[in-house]
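Input: a single structure, listed below in structure tokens.
Every heavy atom of this structure was used, including side-chain atoms; hydrogens, water molecules and symmetry mates were not. We count ligands from 1, going down the list as the structure has it; atoms in each ligand are counted the same way. A quick note: this is a predicted structure, and the numbers were derived from the prediction, not measured. Throughout, numbering of the chain's residues begins at 1 and tracks the sequence.
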Amino acid sequence: MPAYTLPDLPYAPEALEPHYSGEIVALHHGKHHAAYVKGANDTLELLAAAREAGDFSAINMLTRSFAFHLSGHVLHSMFWTNMSPDGGGRPDGELAAAIDEFFGGFEAMQAQLTAATVNVQGIGWGALAWEPVAQRLVVEQIHDHQGNVGAGTVPLLVIDSWEHAYYLQYKNVKADFVKAFWNITNWVDVARRFEAARTVPPAL
Ligand code: MN
């Protein structure tokens, strides 16, 4: 039994159309996400072999590979549940109140997260995250899958900024993809993650 397995999509690939094409979702899940799952499992085996051989000459590459593939698996698993055919609109309740408190309003958070996502240089993600030290919501711009994040932050809502995430449908206009994403954002899922994240004690 491998350590990591590809989760099923929570909906049919074409369920998010017209905002997100079924062709992209099927490829993105079945090929890209699956490759990160395989990469994480393969890297664990290579690390075990390195320990067995007492040969850590590739430790830097293997450590980076594990972080890259594991984080790719985690972020994509979140990404699928962060979207829903019944999504869009705005959060309510405590999540809405927290967004108001820490960003000064929903539109301000949305603008910041959109900017963080659209302006990724190279490959990365935008994320709304819970920062447990100051107990506040923050927007992060993730490099690759694993870089440029504050230690201990808990992602709640993630938007894939890699070209494979949007190019077949939106070509070079990444901003239109992010605009469409807001029509399928699953705020119920984000609120559930927000509730769970706040039970984690501060990281210090
Ligand atoms: Mn992706």
Subject >> Asp160, N/O/S atom nearest the Mn ion (ligand 1) >> reply: OD2
Subject >> Pairing of Lys171 and Glu163 as salt bridge, 4.0 angstrom limit >> reply: no
**OP:** State whether Arg192 and Asp189 are salt-bridged, where the test is any N-O pair (Lys NZ or Arg NE/NH1/NH2 against Asp/Glu carboxylate O) under 4.0 Å.
**Re:** yes
**OP:** Please round to the nearest 0.5 Å and tell me the distance separating atom NZ of Lys174 and atom OH of Tyr167.
**Re:** 11.0 Å
Original post:
the Mn ion (ligand 1) to His28: any N/O/S contact under 2.8 Å?
Top reply: yes
**OP:** Measure from the Mn ion (ligand 1) to each N, O or S atom of His164 and report whether any distance is below 2.8 Å.
**Re:** yes
Original post:
Taking the inter-plane angle between the rings of Tyr170 and Phe177 on a 0 to 90° scale, is it parallel (under 30°), tilted (30 to 60°) or perpendicular (over 60°)?
Top reply: tilted
